[in-house]
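Counting starts at 1 for both ligands and their atoms, in listed order. Throughout, numbering of the chain's residues begins at 1 and tracks the sequence. Please read these numbers as outputs of a predicted model, since none were measured by experiment.
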Amino acid sequence: MSLVSRDPVLLTPGPLTTSLQTKNAMLRDWGSWDAAFNAVTAKVRKQLLDIIHGHETHVCVPMQGSGTFSVEAAVNTLVPRNGHMLILINGAYGKRMARLVEMMGRKVSVFETAEHVPTTAADVDRLLSADKSITHVGLIHCETSTGILNPLPQIASVIARHGKSLIIDAMSSFGALEIDARSVPFDAVIAASGKCIEGPPGMGFVLARRSVLEQSAGNSLSLSLDLYDQWVYMEKTTQWRFTPPTHIVMAFHEALNQFVAEGGQRARLARYTNNYETLMAGMEELGLKPFLDPKIQAPIIVTIHAPDSPKYNFKDFYNRVRDKGFILYPGKLTQAETFRVGCIGAIGAAEMRQAVNAMRDALIEMGISESVVAA
Ligand SMILES: *Cc1c(COP(=O)(O)O)cnc(C)c1O
């Protein structure tokens, strides 16, 4: 029997468990012309720029849709049609970015490392020296398919030294890991409402360098994913260009207020790090090993090797853990049987400990020995 008295805790890369306050903010209807609603949009845009200390250099353009819509809008608007974009890949989201660049008709090159190998600044330096036709570089900050962290500040400074433009998919890191526009040069960082800010899913945003966005009129090959038009319209009218996701904006605003009240990015990172450490201590007790070297692991989502037992299968494990109140995530690796556990969302170490207990009990029920020994 599943726990019907409360929603399961989402240990996934998004959507995430949100707070009751955030959910409550979705109980009212708003008109898209309403000045009070549009004031909230303006406030959200300001709060997002606060997080990267970007008011001097960048502007915030929100976009309807899931995170990928905003990545596509950023590429489609900020990369000129004759641009050439290098995508740094070590997982599924890097591959997705390369695919959408190609579909948007821009020239694309890729540099792919294994899923447990971060891209380095030296790699990027070598690639940009070897091909001067590259105009833009796309980087996935935390590659959510494993949880690996790519060294953003070092890579960004090499790209700036070469005079190229950097577009960062920081979907799963934004708000948790530091991204400071005053010290890290980039032309765009992209994230979404339903990740580390702990809002509901449904809108993304691009924090784009103002001088670059100003030059991007007419680049877009899409009507709806035109970041420039969205920005100009919003600046002129205070409104969204097409129907806004009103309930999501209100709840995202509420989530941003809680983010600030908690103590901002540092406090959020501290909580997630505590969640991560609680999880890892539990996995060690159960005899389960992480896929990544902890040195390159972000405390956001962890890939765990499945127990080496013929009695294991993910679906059974997932269902048993879900019935105890926790939603896990399947692995995304081709070469190894893994599962993933998110450390993000409106949860703390107590929930992580309960999740470990749920996994232990599920493994015992399945007759898998590691956990029996540990129990
Ligand atoms: C979640 C995520 C996205 C966006 O995925 P959507 O399903 O479109 O929300 C993009 N990149 C990364 C690294 C992500 O974690």
Side-chain angles (χ1 to χ4, degrees), residues 10-18 48 61-76 78 85 87-101 103-104 110 112-113 115-116 118-119 137-152 155 166-177 179 186 188-207 222 224-225 227 245 248-249 251-252 255 268 272 276 291-292 296-303 327-333 338 340-345:
L10 300 174
L11 301 176
T12 70
L16 304 178
T17 293
T18 58
L48 292 169
V61 191
M63 181 56 75
Q64 297 92 333
S66 85
T68 305
F69 291 61
S70 285
V71 178
E72 198 150 345
V75 165
N76 172 51
L78 301 175
M85 194 164 181
I87 309 295
L88 308 171
I89 301 177
N90 41 22
Y93 290 99
K95 286 184 182 151
R96 184 185 294 180
M97 192 190 250
R99 175 133 194 271
L100 69 86
V101 172
M103 292 189 75
M104 288 285 149
V110 300
E112 188 165 355
T113 53
E115 285 164 311
H116 62 285
T119 310
V137 180
L139 173 71
I140 314 297
H141 188 198
C142 170
E143 177 46 85
T144 318
S145 40
T146 56
I148 194 172
L149 181 63
N150 288 303
L152 167 64
I155 289 175
L166 170 60
I167 295 180
I168 309 160
D169 172 350
M171 210 68 66
S172 62
S173 57
F174 187 88
L177 304 181
I179 301 173
F186 60 84
V189 63
I190 307 146
S193 55
K195 303 246 175 160
C196 297
I197 303 294
E198 302 179 356
M203 60 172 275
F205 52 90
V206 182
L207 305 176
S222 155
S224 54
L225 298 178
L227 215 56
I248 305 305
V249 173
F252 190 35
R268 188 126 311 176
Y272 289 171
Y276 164 72
F291 168 72
L292 290 176
I296 54 167
Q297 168 77 61
I300 289 172
I301 185 159
V302 186
T303 301
I327 302 289
L328 299 175
Y329 215 62
K332 217 171 190 169
L333 302 184
T338 56
R340 284 180 288 172
V341 187
C343 304
I344 58 182

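Of the residues Leu100, Leu227, Ile190, Leu225, the one that meets the side chain to side chain contact (heavy atoms under 4.5 Å, CB included) test with Val75 is Leu100.
Protein residues having at least one heavy atom under 4.0 Å from any atom of ligand 1 are Ser66, Gly67, Thr68, Tyr93, Arg96, Ile140, Cys142, Thr144, Asp169, Met171, Ser172, Lys195, listed by chain and number.
Distance alone, capped at 3.5 Å, places no donor-acceptor pair between the Thr113 side chain and the Pro118 backbone.
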Show which side-chain atoms of residues 87-95 pair as donor or acceptor with protein atoms under 3.5 Å away, not counting sequence neighbours.
{"residue": "Asn90", "atom": "OD1", "partner": "Asn150", "partner atom": "ND2", "Å": "3.3"}
{"residue": "Asn90", "atom": "ND2", "partner": "Val117", "partner atom": "O", "Å": "3.0"}
{"residue": "Asn90", "atom": "ND2", "partner": "Asn150", "partner atom": "OD1", "Å": "2.9"}

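For Arg268, the salt bridge (Lys or Arg N to Asp or Glu O under 4.0 Å) partners at least two apart in sequence or on another chain are Glu198, Glu262. For Glu143, the salt bridge (Lys or Arg N to Asp or Glu O under 4.0 Å) criterion is met by no residue, not counting sequence neighbours.
Taking the side chain as every heavy atom from C-beta outward, Leu10 and Tyr329 never approach each other to under 4.5 Å.
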